[in-house]
Amino acid sequence: MEKQTVEIGITASKETDFSEWYIQTVQKAELADYAPVKGLIVLRPDGYAIWESLQETFNRRFAREGVRNGFLPVLIPESLLGREKEHFAGFNPEVFWVTHSGNSELGDRLALRPTSETLAYTMYSKWVQSWRDLPLKINFWNTALRSEIKATKPFLRTSEFLWQEGHTVHATKEEAERQVHAMLDIYRETVEQELAIPVISGAKSEREKFVGAEYTMAIESIMPDGKALQMGTSHFLAQNFSKPFDVKFADRDNVEHYAWQTSWGVSWRLIGAMIMTHGDDRGMSMPPRVAPVQAVIVPIYRNDKRQRDDVMSAASEVREALESEGVRVHVDDRDDATPGFKFNDWELKGVPLRIEIGPRDVESRSVVAVRRHDGRKESMGVKDLGPAVRGVLEEIQEAMLQKAREKAAGMTFDVSEYAGFKERCGTGFVRAVWCGDEKCEESIKEETGAEIRVIPLGEEKEQGSICIRCGGQGLSTPIFAKGY
RNA sequence: GGGGACGUAGGUUAGCUUGGUAGACUGCCAGCCUCGGGCGCUGGAGAUCGUGGGUUCAAGUCCCACCGUCCCCA
């Protein structure tokens with residue numbers, strides 16, 4: 001039975017047509033679709049399941065930091081949003097405004113939240129009175145709205161996006177700064193260990209920091225097309241918001257102090273990063289730890305009731321064995337699709353492990369297991385299959401991170417002269433010495449399109465080297481790249 | 001900010017130059033077939049040709065306006 005090539009899978013190559021490949025993967029894997037309004041997307045159940053899986057992971061880790069979840073409204077009065085001037089100026093160009101209620105014009109325009117600092121801290125100023133109220137640590141799972149006029153991409157650049165924003169209040173500067181770094185560490189660990197995406201963490205430059213923050217820490221990853229993607233940020237707000245918003249407390253000494261604050265967030269960009277990093281020409285490929293379905297069982301049988309029953313009961317047995325080991329498993333019992341169809345379908349969706357069970361396997365008390373990320377196929381005995389599959393999933397997780405690390409390392413360059421610098425921009429992370437002058441940063445951006453993505457931890461000081469742009473005394477060695 | 005392209009069925013599109021019955025593939029529905037890599041056969045439904053106006057006996061096709069989308073470059 002000869003197969004014809006039918007173009008229902010992905011038709012663009014990741015290698016040669018990255019942008020098209022990405023959009024097709026998102027749509028054909030049924031993760032998301034375009035909404036009727038430009039710049040907005042609709043998350044479909046398979047996409048939302050990934051988000052829920054990320055939420056679970058983060059909630060677990062946030063809880064260990066003493067962070068609890070809350071919920072904030074989407075509308076913010078203009079007067080509040082404008083209270084911290086720099087912050088407002090930074091966000092104003094991309095704010096959506098609600099100007100009417102029915103037919104009547106509102107007195108105070110309402111912003112659809114571009115971020116919630118101003119709203120959260122208005123509330124915090126009521127809730128924080130005493131040193132006993134501190135630290136206050138609340139995280140909000142919600143969406144933020146920022147009007148994107150430039151070309152949008154599902155998950156990477158959309159006018160509304162799912163994210164979490166955490167907001168903490170502390171009695172001391174030291175404690176707040178510790179929090180900033182603790183959250184950055186959680187982001188780094190989660191992205192590397194769960195999403196199998198290697199990151200570089202460090203500080204943003206003055207020019208690229210969050211508007212209103214004293215400084216911004218971030219994790220950055222390099223994508224296969226040579227562009228950098230910001231994966232998460234953690235801001236030290238110092239007292240920049242506590243002062244205008246009156247977040248203050250009476251300390252043990254009965255003296256009133258302004259509090260020290262932090263905010264931090266990751267968005268569904270992580271889903272985009274996961275697709276770009278691990279996907280291939282067959283579609284999505286998910287790291288086992290965040291995959292909503294870790295193993296899919298595909299039963300194989302002829303149109304013969306007895307054979308079907310045998311295979312299906314073997315499949316159920318395997319499913320139970322895996323479930324009892326905590327493996328998230330799904331049996332694809334669709335009668336109207338052929339095994340070949342199902343193989344392609346699950347590969348497109350990125351399920352890490354496929355388990356085939358046919359008459360031959362029932363006979364030999366075994367299954368055929370196929371790994372999504374490298375296509376490796378092996379026969380496994382039904383006996384003790386649960387623990388064995390768990391082991392395989394761990395191996396896959398490790399191998400995916402390893403492969404991504406190698407890829408990223410091959411796209412990270414050290415350069416010491418400007419010609420080479422220009423050449424590398426747009427092809428990966430470019431590490432180069434910088435004098436610290438914003439003018440150099442700006443002209444580099446103008447001349448190459450690259451910006452400082454992050455100044456890695458431990459690289460803040462640079463002695464004896466000269467700035468890649470002006471030849472002046474070097475101050476640090478940032479990572480430059482074009483970004484999303 | 002500048003430049004380029006495109007809107008025809010759920011999706012991908014042919015037809016437009018030279019005006020005259022909107023066609024294909026895929027998907028969908030029904031039935032048959034069978035299933036270890038998108039299998040085959042038969043039948044069926046599905047299109048205000050982006051919107052509005054104009055020219056014409058006749059407009060998917062020509063003209064004008066509008067709306068929308070995508071791509072590239074600062």
Side-chain angles (χ1 to χ4, degrees), chain A residues 1-12 16-42 44 93 148-154 156-159 225 227 280-283 296-312 314-315 318 331-349 351 353-364 366-372 374-380 422 425-426 442-451 482-484:
Chain A
M1 192 175 347
E2 267 316 297
K3 310 289 189 229
Q4 277 184 332
T5 306
V6 185
E7 295 188 343
I8 53 181
I10 292 168
T11 58
T16 59
D17 196 357
F18 188 78
S19 181
E20 174 66 18
W21 167 84
Y22 177 76
I23 291 166
Q24 281 195 21
T25 301
V26 168
Q27 291 192 281
K28 293 188 175 176
E30 297 184 356
L31 303 176
D33 205 350
Y34 287 104
V37 177
K38 180 177 164 61
L40 301 181
I41 60 170
V42 177
R44 304 180 65 175
E148 291 290 349
I149 298 144
K150 288 208 255 173
T152 56
K153 277 253 159 69
L156 304 179
R157 189 178 284 279
T158 50
S159 288
D225 62 346
K227 286 195 206 161
D280 57 26
D281 288 354
R282 289 169 177 271
V296 63
I297 297 171
V298 178
I300 296 157
Y301 49 81
R302 295 179 169 279
N303 191 17
D304 169 333
K305 182 162 187 325
R306 172 178 233 128
Q307 189 178 77
R308 180 178 190 279
D309 289 348
D310 287 350
V311 167
M312 289 311 289
V318 168
V331 179
D332 187 349
D333 59 1
R334 286 179 290 181
D335 249 335
D336 51 357
T338 62
F341 183 92
K342 293 175 182 177
F343 296 167
N344 283 288
D345 200 33
W346 293 108
E347 281 168 2
L348 180 59
K349 296 204 159 131
V351 172
L353 191 68
R354 178 175 79 239
I355 294 171
E356 306 173 11
I357 304 176
R360 296 203 294 266
D361 306 296
V362 173
E363 185 96 3
S364 63
S366 65
V367 301
V368 174
V370 184
R371 304 178 188 207
R372 171 64 181 87
D374 63 1
R376 197 172 126 195
K377 208 175 224 188
E378 64 193 308
S379 183
M380 299 175 79
K422 280 182 172 167
C425 283
E442 213 152 299
S443 44
I444 285 171
K445 167 89 181 171
E446 265 167 39
E447 290 158 14
T448 68
E451 60 212 7
K482 288 189 184 177
Y484 268 95

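Residue numbers begin at 1 in each chain, while the letters A, B, ... track the order of the sequences.
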Open item on the list: Rounded to whole Å, please give me the gap between CD in E30(A) and C1' in G27(B).
Closed with: 12 Å
Open item on the list: Measuring only the C1' atom in each nucleotide, how far is C41(B) from U34(B)? A whole number of Å is fine.
Closed with: 13 Å
- [ ] Round to a whole Å and report the spacing from CG of D335(A) to P of G31(B).
- [x] 13 Å
Task: Value in whole Å for how far the C1' atom of G27(B) lies from CD of Q27(A) - done: 15 Å
Open item on the list: Treating K422(A) as the side-chain partner and E447(A) as the backbone partner, does any N or O pair qualify as donor plus acceptor under 3.5 Å?
Closed with: no
Task: Which nucleotide in G37(B), U34(B), G36(B) has an atom nearest any side-chain atom of R282(A) - done: G37(B)
Task: Pairing nucleotide - A9(B), Watson-Crick or G-U, each distance under 3.5 Å - done: none
Task: Proximal nucleotide (of G36(B), C35(B), G37(B)) relative to the Y301(A) side chain - done: C35(B)
Open item on the list: Using side-chain heavy atoms (C-beta onward) and a distance below 4.5 Å, is Q307(A) in contact with V362(A)?
Closed with: no
- [ ] Would you mind reading off the distance between N303(A) atom CG and C33(B) atom P, rounded to a whole angstrom?
- [x] 7 Å
Open item on the list: Under a 3.5 Å cut-off for both contacts, is A74(B) paired Watson-Crick or G-U wobble with anything, and if yes, with which nucleotide?
Closed with: none
Open item on the list: Quick one: does any side-chain atom of T158(A) pair with a main-chain N or O of P154(A) as donor and acceptor, under 3.5 Å?
Closed with: no
- [ ] Using the C1' atoms only, state how far A47(B) lies from G15(B), rounded to an integer number of Å.
- [x] 14 Å
Open item on the list: Tell me which nucleotide, if any, is Watson-Crick or G-U wobble paired with G20(B) when both distances must be under 3.5 Å.
Closed with: C57(B)
Open item on the list: Say we look at C57(B) and A65(B): how far apart would their P atoms be, to the nearest angstrom?
Closed with: 24 Å
TODO: Quickly work out the I41(A) CD1 to C70(B) P distance and round it to whole Å.
DONE: 13 Å
Task: Distance between P atoms of A22(B) and G36(B) (Å, rounded) - done: 43 Å
- [ ] Please report, rounded to the nearest Å, how far the C1' atom of G68(B) is from the CG atom of L40(A).
- [x] 15 Å
- [ ] Looking at every strand, decide which applies to V368(A) at a 4.0 Å heavy-atom threshold: base, sugar-phosphate, or nothing.
- [x] base
TODO: May I ask which nucleotide in the shown strands pairs with C66(B), Watson-Crick or G-U wobble, both distances under 3.5 Å?
DONE: G50(B)
TODO: Identify, between Y34(A) and V367(A), the residue whose nearest nucleotide on RNA chain B lies closer to the 5' end.
DONE: V367(A)
Open item on the list: On the side chain of E347(A), is there an atom forming a donor-acceptor pair with the base of G37(B) - under 3.5 Å, no angle test?
Closed with: yes
Open item on the list: Using whole Å, what does the distance between atom P of nucleotide G36(B) and atom CZ of F341(A) come to?
Closed with: 13 Å
TODO: Taking all non-hydrogen atoms of both residues into account, name the closest pair between A369(A) and M380(A) and its distance.
DONE: CB-SD, 3.6 Å
Task: Separation of the P atoms in A5(B) and C63(B), to the nearest angstrom - done: 15 Å
Task: G60(B) versus G7(B) - spacing of their P atoms, nearest Å - done: 15 Å
TODO: Just name whichever nucleotide pairs with G43(B), Watson-Crick or G-U, keeping both distances under 3.5 Å, else none.
DONE: C29(B)
Open item on the list: What's the gap between G54(B) and G19(B) when it is taken at their C1' atoms, as a whole Å value?
Closed with: 15 Å
TODO: Give D361(A) one of three labels, base, sugar-phosphate or nothing, depending on what nucleic acid heavy atoms sit under 4.0 Å from its own.
DONE: base
TODO: To the nearest 0.5 Å, tell me how far E347(A) CD sits from D281(A) CG.
DONE: 12.0 Å
Task: Between U26(B) (C1') and Q24(A) (CD): distance, integer Å - done: 14 Å
Open item on the list: Do R157(A) and Y484(A) form a cation-pi contact, if we require the NZ or CZ to be under 6.0 Å from the six-membered ring centre and within 45 degrees of the ring's axis?
Closed with: no
Open item on the list: So that I can tick it off, tell me whether R354(A) and D345(A) are bridged by a salt bridge, with the cut-off set at under 4.0 angstrom between side-chain N and carboxylate O.
Closed with: no
- [ ] With heavy atoms under 4.0 Å as the rule, sort R354(A) into base, sugar-phosphate or nothing.
- [x] base
- [ ] Sticking with atom C1', work out how far U12(B) lies from G46(B), rounded to a whole angstrom.
- [x] 16 Å
Task: Closest-nucleotide ordering on RNA chain B, the 5'-leading residue of E446(A) and A337(A) - done: A337(A)
TODO: Check whether any side-chain N or O of R302(A) sits under 4.0 Å from OP1 or OP2 of C35(B), and answer yes or no.
DONE: yes
